Amino acid sequence: MRATSNEAHISGAERIVNYDQLAGMFTDLICRAIDSYELPDKIYITTDTIDADLITCARALDIKTIAPPSCKDARCVSQEIIRESGVPAKAIKRAFDLLDSGPTPEGKNMRGAIIMDAFTGERLEPDEIRGIRVSRVDYTEDTRMSLRERLKANGIYHERVMDALAIATKVSGREEAVAELCWSDNPDYTTGYVASKKQGYVRITNLKEKRSVRGGRIFFVKAAGLDLDGYINYLERQPVIINRAGNIN
Ligand code: AMP
């Protein structure tokens, strides 16, 4: 599902379901769209058939929350975590500068993510306006319910956390993946995250200033020997179902 207002992206969500769940899922997705922070004027729902033989399963990344008192502190903490993944300071600076200034050539937010050479900071995605859209990832119903309950018990439940965790879990599941950085373009949502297989999904409050409309995602990758088309195909086309929850710290 993709909802827009005046052509600007408002909300999006994606599910992998069996045919008999389709009708109910449409209703859920429309409710989700109209519950967005702004009422959309267009809601698109697209369905596609997936070859069940292509599905792979994954365990959700462990979740941790860090609550720095200010945006400046949050930036330091997040940069340190990315550095620990092996990304040098120069590439980290480029990443933050891009998300702060608007990563498209016109200085706007992208629809998808930047793929960045973790060593040089060079952008590798073929389209700097659209970026790469991670797609075809979802939870089994049991895992979704159990994660939801555990996030609620920890006071950090929000559907956007569920969605972002699904994306981060898929993104981290490749040999090329070094780390991911994300914060939302929603001006009221300032918690972002850094994620990697090793460090898990680390939520960081205050990662951007309140009321900022800037946001985006960066996938830092090992570029040496990278099969870019194969990597993009994995992110956009390979179905991944998350069938085990991780730990919440
Ligand atoms: P959100 O957390 O949904 O506000 O998204 C933050 C930013 O991440 C957006 O501005 C997009 O640039 C990017 N993004 C959103 N959804 C996806 C996705 N499915 N795959 C890759 N990047 C995305």
Side-chain angles (χ1 to χ4, degrees), residues 1-5 7-16 29 32-33 35-38 40 43-46 48 61 63 78 95-116 123-139 156 158-174 176-177 179-195 201-221 228 231-240 242:
M1 176 278 291
R2 189 164 77 79
T4 61
S5 169
E7 311 298 323
H9 176 86
I10 298 286
S11 149
E14 163 155 329
R15 296 287 178 268
I16 299 178
L29 290 174
R32 174 101 186 251
D35 277 350
S36 308
Y37 66 98
E38 191 182 325
I43 303 173
Y44 304 87
I45 296 191
T46 314
D48 199 359
L61 291 175
I63 303 175
S78 56
F96 278 78
D97 287 349
L98 277 170
L99 294 196
D100 278 336
S101 59
T104 72
E106 303 85 33
K108 295 189 173 154
N109 296 332
M110 294 166 76
R111 280 194 49 219
I114 293 171
I115 300 177
M116 183 173 279
R123 289 175 75 163
L124 304 175
E125 75 282 6
D127 180 339
E128 293 191 353
I129 296 173
R130 178 183 177 273
I132 300 303
R133 296 276 309 170
V134 176
S135 188
R136 301 195 170 192
V137 57
D138 200 0
Y139 300 97
I156 53 171
H158 197 291
E159 275 303 304
R160 66 165 55 251
V161 176
M162 300 281 297
D163 292 346
L165 176 66
I167 290 179
T169 298
K170 182 172 183 186
V171 171
S172 69
R174 281 283 283 209
E176 301 90 338
E180 178 184 350
L181 167 68
C182 170
W183 66 81
S184 175
D185 40 44
N186 178 335
D188 297 323
Y189 193 72
T190 57
T191 299
Y193 69 83
V194 172
Y201 176 88
V202 186
R203 300 175 64 245
I204 303 169
T205 62
N206 293 317
L207 196 52
K208 74 166 189 178
E209 299 286 0
K210 206 159 168 70
R211 285 179 288 282
S212 159
V213 293
R214 290 276 166 250
R217 267 191 168 81
I218 302 199
F219 305 150
F220 297 94
V221 296
L228 187 59
Y231 175 62
I232 293 173
N233 185 61
Y234 165 79
L235 295 172
E236 297 198 328
R237 310 287 304 164
Q238 161 77 49
V240 173
I242 301 169

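Atoms within a ligand are numbered from 1 in the order they appear, just like the ligands themselves. Here the structure is a predicted model, which means the values were calculated and not measured.
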Find all atoms of ligand 1 within a distance of less than 4.0 Å from any non-hydrogen atom belonging to Asp185, and give their numbers and elements.
4 (O), 9 (C), 10 (O)
Can you sort out which atoms of ligand 1 are near Trp183, meaning under 4.0 Å from one of its heavy atoms?
6 (C)
Considering Arg217, Glu14, Glu125, Arg130 one by one, which has a heavy atom nearer to atom 14 (N) of ligand 1 than any of the others?
Arg217
Does Arg174 make a cation-pi contact with Tyr234, if we ask for NZ or CZ under 6.0 Å from the ring centre and within 45° of the axis?
yes
Closest to atom 4 (O) of ligand 1 among Gly12, Gly192, Gly216, Ser184 (heavy-atom distance):
Ser184
Answer yes or no: is there a side-chain heavy-atom contact under 4.5 Å between Leu165 and Arg203?
no
Side chains of Thr46 and Asp48: does their closest heavy-atom pair fall under 4.5 Å?
no
Electrostatic pair Arg133-Glu236, nearest N-O below 4.0 angstrom:
no
Which ligand 1 atoms are under 4.0 Å away from a heavy-atom of Ile167?
18 (C), 19 (N)
Atom 16 (N) of ligand 1: which protein heavy atom is closest, and how many Å away?
Arg133 NH1, 3.3 Å
Cation-pi check for Tyr189 against Lys208: NZ or CZ below 6.0 Å from the six-membered ring centre and within 45 degrees of the axis, yes or no?
no
Run the numbers for me: atoms of ligand 1, each under 4.0 Å from some heavy atom of Ile132, listed by number.
20 (N), 21 (C), 22 (N)
State, with a plain yes or no, whether a side-chain heavy atom of Tyr193 is found less than 4.5 Å away from one of Leu207.
no
Determine, using heavy atoms of Gly112 and all atoms of ligand 1, whether some pair is separated by less than 4.0 Å.
yes
Name the option, out of Asp163, Val134, Ile114, that contains the heavy atom nearest to atom 18 (C) of ligand 1.
Val134
Hey, is CD on Glu209 packed in by over 12 heavy atoms from elsewhere, all under 6.0 Å?
no
